[in-house]
Amino acid sequence: MDIKPATQHPKLLFEVSWEVCNKIGGIYTVLSTKAKTLQKISKDTTVFIGPDVWSEANPSPWFTECNVAGLSKWAKSANLPDGVSARVGRWEIPGRPIAVLVKFDGMYAVKDEFYGEMWNRFGVDSLHAYGDYDEGCAFAHASGIVIESIIMSGFGDVAPAAPTGRRGRPRKVTPSVVAHFDEWTTGMGLLYLKWKMPQVATVFTTHATSIGRSICGNNKPLYDYMSGYNGDQMARELNMEAKHSLEKAAAHQADAFTTVSEITARECEQLLERRPDVVTPNGFEKNFVPAAAKFDTARAEARKSLIDVANALTGADYDDNAFIVITSGRCEYRNKGIDVYLDMASELRNMPACRKIIAYVMVPAWPKEPRADLEQRLADAEAGSKAPLAEPVITHWLNNPDSDAVINRIRALGFCNVDPRVTVIYVPCYLNGTDGIFNRSYYDLLIGADATVFPSYYEPWGYTPLESVAFGVPTVTTSLSGFGQWSLESFQNFFEECGVNVIGRGDSNYHDVVTNIAHSIEYLTCADQRTMARIRKAAMRTAAAASWGNFIKYYDQAYAIALENASRRV
């Protein structure tokens, strides 16, 4: 697909995130997949800036320090504050964009003075800060200083013009640099540039409002009462004043404000009191999907691994006809709909499914270690059928089994008593290829599933269902996810049309959601091979429609708005 640049594309684009070269959550996927498209549009005019939280003993596996023309020279001679330094190199992802990792320890010493300045200038109330607030702000502050220093060095031929012309008249400045900040953790960097370098156009993207997430995480109904919520009031009630204040200030001060879905745009309008200028849905690149020649082999290997673990845990005798369903994502029990998923699995025990079901919960929690008894049984796989292991529903022992909501619900639903019709297995660790049981990445296992379920309550976008359809795995999600809403707007809502089934969800229909998702999975278990093949192809077409090649235009709009607003300001 040919990718055309925006009419008013920046000469130099900085994008700042805590997840640059630092794989934590969904924002890493956003940036790392978008980078390839940005490189196609304008090679090496985007500089990603992330935290240097690494050491020689623990280097980032995604960053290679190397020479970048002009920028490496700057890094060696940059006059940065004590305790602030930068390493220049490449982010080891498709497109290999420029990355700068910033050490920010020196910012803690000037924290109080800087917070006072941000209060006086922008009304950011850091008085009640706690937890990761100081760390995020120190990184953002240092990133703003680094961007300022890079621009002043003339990198990318964007050094600011002299303030006056030859006759002493004010010189018109045409902004050509955009600094894009993701999430509240980078907000202080945006405010620093607004203060120190007003000629830089700024974009702020909230992928989820901090106060909206907190409302949901505290089991309060968000959607039925949305119009009645006041963000400032709720921040005081939920002890979220500092993060909310910073996020709100960044949203209002940005030259362009964006979010990832219409459902989150309404949330921003209500809780942050600014309607986003552009909705920028998250695209995806199929870089992780095996080529057609290798696809069937990769799927067969994944299925064997998933079935072997289920058999070893339960002592059952699942074969390749078993129906494998997966949920995954951040460990937010209610927000991610893990509660719905487990109750759905229980409901399936009372339905006439046509295949035996293995339901995996791949959600990182607080794992202690891989189970030695499971490792031994997997190594001794030829020994024949055995009795179930003790607690045959979990692959890794937990540090906090008594307080883990997932394992407690699995126990309460009786899944520890093996029922071959439906088995639930909890994988409470990051699947990065070294977990000790599967020793495969999440993507290497996802391809082996027959379906996925992501019944989110709070999901501003939803990369997990998009990843699923990219691998040709049909998915069930809800109308409260951004991806679910986009699917409803783009396709007819049934599996054979798009590989996605979007279940209507609100604040008061929990049990209906459980039953409807269970019926969706029951339907797939009874679909014949020809029908499943059509569904899998439809899923891949949906993923293609959500590629960055189609979605990058929304970012182009945001950058154009930011440059225009900065032009008016300077």
Side-chain angles (χ1 to χ4, degrees), residues 23-26 128-133 135-136 208 210-222 234 237-240 243 309-310 313-314 325-347 349 358-375 388-419 422-432 434-438 442 453-459 464 507 510-511 513-514:
K23 194 171 186 178
I24 296 175
H128 302 287
Y130 64 94
D132 56 353
Y133 184 84
E135 184 178 45
S210 59
I211 192 62
R213 187 185 295 278
S214 183
I215 289 169
C216 296
N218 281 275
N219 293 318
K220 295 180 180 293
L222 178 63
M234 293 307 298
E237 179 180 328
L238 299 175
N239 197 21
M240 292 285 293
K243 289 181 182 179
V309 168
L313 274 170
T314 64
V325 59
I326 290 173
T327 195
S328 61
R330 186 185 287 116
C331 190
E332 293 182 7
Y333 184 70
R334 178 179 182 238
N335 285 359
K336 296 296 184 183
I338 302 170
D339 51 353
V340 172
Y341 180 81
L342 294 176
D343 288 349
M344 176 275 300
S346 181
E347 186 98 348
R349 292 184 292 192
I358 306 170
Y360 273 97
V361 184
M362 296 178 172
V363 176
W366 189 16
K368 184 177 182 181
E369 59 193 3
R371 293 181 59 159
D373 55 351
L374 178 54
E375 289 182 279
L389 294 178
E391 202 149 36
V393 292
I394 191 166
T395 59
H396 295 66
W397 296 125
L398 295 166
N399 283 291
N400 60 332
D402 292 337
S403 59
D404 183 276
V406 178
I407 192 62
N408 284 327
R409 186 58 178 165
I410 290 172
R411 291 167 176 165
L413 290 170
F415 281 111
C416 289
N417 299 316
V418 174
D419 181 345
V422 182
T423 290
V424 170
I425 298 174
Y426 182 21
V427 186
C429 66
Y430 282 102
L431 289 166
N432 56 11
T434 60
D435 62 274
I437 299 297
F438 293 100
Y442 171 69
V453 174
F454 304 103
S456 303
Y457 177 76
Y458 185 77
E459 189 70 83
T464 44
D507 279 313
Y510 180 95
H511 295 292
V513 173
V514 169

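Remember, predicted model here, so these are calculated numbers, not experimental data.
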Whether Y457 side chain and P221 backbone form a donor-acceptor pair below 3.5 Å
no
Heavy atoms from other residues, nucleotides or ligands near NE2 of H128 exceed 12 (cutoff 6.0 Å)
yes
Looking only at heavy atoms, what is the nearest atom pair of Y510 and D343, with distance?
OH-OD2, 2.7 Å
So CE of M240 and OH of Y133: to nearest 0.5 Å the spacing works out to 11.0 Å
Throw together a table of side-chain donor-acceptor distances under 3.5 angstrom for residues 393-400, partners on residues two or more places apart or in other chains.
from : atom 1 : to   : atom 2 : distance (Å)
T395 : OG1    : Y426 : O      : 3.4
H396 : NE2    : D435 : O      : 2.9
N399 : ND2    : W366 : O      : 3.4
N399 : ND2    : P367 : O      : 3.1
N400 : ND2    : S403 : OG     : 3.4

Would you mind reporting whether I437 and E375 have side-chain heavy atoms less than 4.5 Å apart?
yes
For residues V325 and Y360, determine if any side-chain heavy atom of one lies less than 4.5 Å from a side-chain heavy atom of the other.
no
Could you pull out the closest heavy-atom pair between A345 and V424, with the gap in Å?
CB-CG2, 3.8 Å
Give a yes or no answer on whether the side chain of S214 reaches the backbone of S210 with a donor-acceptor pair at less than 3.5 Å.
no
dist T327:OG1 -> M344:CE (nearest 0.5 Å) comes out at 8.0 Å
Side-chain donor/acceptor of Y430 to backbone N/O of A365, under 3.5 Å:
no
What's the spacing between R330 CZ and S456 OG if we round to 0.5 Å?
10.5 Å
Would S328 and Y442 count as having a side-chain donor-acceptor pair, cut-off 3.5 Å?
yes
What's the separation between atom CG in L342 and atom CG in D339, rounded to the nearest 0.5 Å?
7.5 Å
When you look at V406 and V363, which way does the side chain to side chain contact (heavy atoms under 4.5 Å, CB included) test go after all the steps?
CA-CA 9 Å; V406 178; V363 176; 5.5 Å; no
Between N218 (side chain) and L238 (backbone), is there a donor-acceptor pair under 3.5 Å?
no
Verdict with reasoning, R371 to E391, per salt bridge (charged side-chain N to carboxylate O under 4.0 Å, His left out)
CA-CA 11 Å; R371 293 181 59 159; E391 202 149 36; over 6 Å; no
Whether R411 and D404 form a salt bridge (side-chain N of Lys/Arg under 4.0 Å from carboxylate O of Asp/Glu) is what I want to check.
no
Which distance, rounded to the nearest 0.5 Å, do you find between the CG of D373 and the CG of L389?
4.5 Å
Under the ring pair (Phe, Tyr, Trp, His ring centres under 6.0 Å) test, which residues partner F415, sequence neighbours left out?
none
Side chains of R213 and N335: does their closest heavy-atom pair fall under 4.5 Å?
yes
Would you give the length of the straight line joining atom NZ of K336 to atom OH of Y458, rounded to the nearest 0.5 angstrom?
9.5 Å
With sequence neighbours excluded, what pairs up with D507 under the salt bridge (Lys or Arg N to Asp or Glu O under 4.0 Å) test?
none
In terms of heavy-atom contacts, I407 and P401 come closest through CG2-O, 3.4 Å
Can you tell if the side chain of I338 reaches within under 4.5 Å of the side chain of E332, non-hydrogen atoms only?
no
Measuring only between side-chain heavy atoms, which start at C-beta, is V361 closer than 4.5 Å to V427?
no
Using the side chain to side chain contact (heavy atoms under 4.5 Å, CB included) rule, take Y341 and V514 through it: C-alpha gap first, then chi angles, then the decisive distance, then the call.
CA-CA 7 Å; Y341 180 81; V514 169; over 6 Å; no
Could you go through E237 and K220, starting from their C-alpha distance and side-chain angles, then the distance that decides it, and tell me whether this counts as salt bridge (charged side-chain N to carboxylate O under 4.0 Å, His left out)?
CA-CA 12 Å; E237 179 180 328; K220 295 180 180 293; 3.2 Å; yes
